[in-house]
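Both backbone and side-chain heavy atoms feed into the values below; hydrogens, waters and symmetry mates do not. One is the number of the first residue; the rest follow in order along the sequence. Order of appearance sets the numbers: ligands from 1, and atoms from 1 within every ligand.
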Amino acid sequence: MCWLFDLDPDLLPLFQYNCKQFASPQECLSAPEFLDHIRKVMLVIDAAVNQLENLPCLEEYLYNLGKKHQAVGVKVESFSTVGESLLYMLENCLGTAFCPDVREAWTKLYDAVVKAMRHGWDT
Ligand code: HEM
């Protein structure tokens with residue numbers, strides 16, 4: 001996630017807590033609320049991994065999560081940037097174990113999560 005703002009600096013103003021905007025990516029990256037958001041993202045990914053055989057059971061939750069993100073001004077395309085950031089992090093952590101099959105599996109999982117969240121923009 002730390003490379004998120006390198007990939008898209010326009011995401012920084014979307015992370016506001018108590019109506020306060022961060023002056024720099026560094027300030028945001030050290031804020032407990034932002035670190036909590038990273039944990040929240042990873043909890044959603046974890047839930048999707050655990051429900052891999054039954055992803056439809058997360059659909060309603062992900063739809064509502066999409067709606068919440070739409071309400072705070074997130075564009076659905078920005079989820080691709082988060083996806084890139086996630087793959088970059090996995091590649092760095094897993095090293096050679098991050099083979100093409102593993103990359104494909106994570107890409108599919110993340111795409112399925114985003115597909116369900118993007119319904120929040122449809123209505
Ligand atoms: C909540 C921004 C991507 C999961 C939030 C909030 C903001 C936000 C401003 C409300 C404050 C907070 O709880 O920190 C963004 C931006 C994203 C992004 C700018 C980049 C595109 C994601 C992704 C996921 C996610 C990809 C999961 C796959 C969550 C969760 C919450 C949340 C679980 C808490 C919702 C609740 O309180 O019910 N996000 N988010 N976010 N976000 Fe994100």
Side-chain angles (χ1 to χ4, degrees):
M1 291 292 275
C2 304
W3 303 274
L4 189 63
F5 302 124
D6 292 336
L7 291 171
D8 186 356
D10 290 343
L11 291 178
L12 185 62
L14 294 174
F15 291 100
Q16 286 188 25
Y17 299 99
N18 300 320
C19 300
K20 195 182 163 286
Q21 221 167 294
F22 293 109
S24 65
Q26 288 70 23
E27 193 182 271
C28 182
L29 289 170
S30 54
E33 296 94 338
F34 183 73
L35 298 176
D36 263 353
H37 183 268
I38 296 180
R39 276 181 216 109
K40 289 175 192 174
V41 173
M42 294 318 293
L43 281 172
V44 174
I45 301 296
D46 190 50
V49 170
N50 285 318
Q51 296 297 332
L52 206 52
E53 304 297 326
N54 188 21
L55 282 179
C57 78
L58 290 178
E59 239 162 50
E60 197 181 339
Y61 170 77
L62 293 173
Y63 164 77
N64 286 316
L65 191 57
K67 273 204 134 3
K68 281 183 188 169
H69 284 79
Q70 185 210 32
V72 294
V74 177
K75 291 199 181 75
V76 79
E77 306 86 64
S78 299
F79 288 136
S80 313
T81 316
V82 177
E84 268 182 67
S85 209
L86 178 73
L87 291 177
Y88 184 75
M89 180 271 289
L90 286 166
E91 190 169 7
N92 271 272
C93 295
L94 297 177
T96 51
F98 196 66
C99 61
D101 283 356
V102 173
R103 169 182 283 272
E104 196 191 336
W106 278 106
T107 304
K108 277 190 180 160
L109 176 93
Y110 184 75
D111 286 353
V113 168
V114 169
K115 192 175 167 211
M117 282 175 81
R118 68 185 311 148
H119 291 308
W121 275 257
D122 294 343
T123 48

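The protein heavy atom nearest to atom 20 (C) of ligand 1 is V82 CG2, 3.5 Å. With hydrogens left out, the protein atom closest to atom 9 (C) of ligand 1 is L14 O, 3.5 Å, a heavy atom. Given atom 28 (C) of ligand 1, the protein heavy atom at minimum distance is V44 CG1, 3.8 Å. From the protein, the heavy atom lying nearest to atom 3 (C) of ligand 1 is F79 CE2, 3.5 Å.
Of the protein's heavy atoms, at least one falls inside 4.0 Å of atom 15 (C) of ligand 1.
Here the straight-line distance linking atom CH2 of W3 with atom OG1 of T81 works out to 15.0 Å at 0.5 Å rounding. Distance check: T107 OG1 to L86 CG gives 8.5 Å after rounding to the nearest 0.5 Å. To the nearest 0.5 angstrom, S30 atom OG is 8.0 Å from F22 atom CZ.
Side-chain atoms of Y110 come within 3.5 Å of backbone atoms of F79 as a donor-acceptor pair (strictly under, hydrogens ignored). Judged by distance alone, the side chain of H37 and the main-chain N or O of E33 form no donor-acceptor pair under 3.5 Å. No donor-acceptor pair closer than 3.5 Å links the side chain of D46 to the backbone N or O of M42.
For the residues Y110, Y61, F15, the heavy atom positioned nearest atom 33 (C) of ligand 1 is part of Y61.
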* Show your working on side-chain contact (heavy atoms from CB on, under 4.5 Å) between V44 and L58 and close with a plain yes or no. => CA-CA 9 Å; V44 174; L58 290 178; over 6 Å; no
* side-chain contact (heavy atoms from CB on, under 4.5 Å) between H69 and W121, worked out -> CA-CA 9 Å; H69 284 79; W121 275 257; 3.7 Å; yes
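Remark: ligand 1 atoms within the under-4.0 Å shell around heavy atoms of S78 are 21 (C).
Not close to ligand 1: F34, with no non-hydrogen atom less than 4.0 angstrom away.
Around atom 43 (Fe) of ligand 1, the protein N, O or S atoms found under 2.8 Å comprise H37 NE2, H69 NE2.
For ligand 1, the polar-atom distance check finds an N/O of Y17 within less than 3.5 Å of one of the ligand's N/O atoms.
More than 12 heavy atoms of other residues, nucleotides or ligands shown are found within 6.0 angstrom of CD on Q51.
Listed by first then second residue, pairs satisfying salt bridge (charged side-chain N to carboxylate O under 4.0 Å, His left out) with a partner in residues 106-115 read E104-K108, not counting sequence neighbours.
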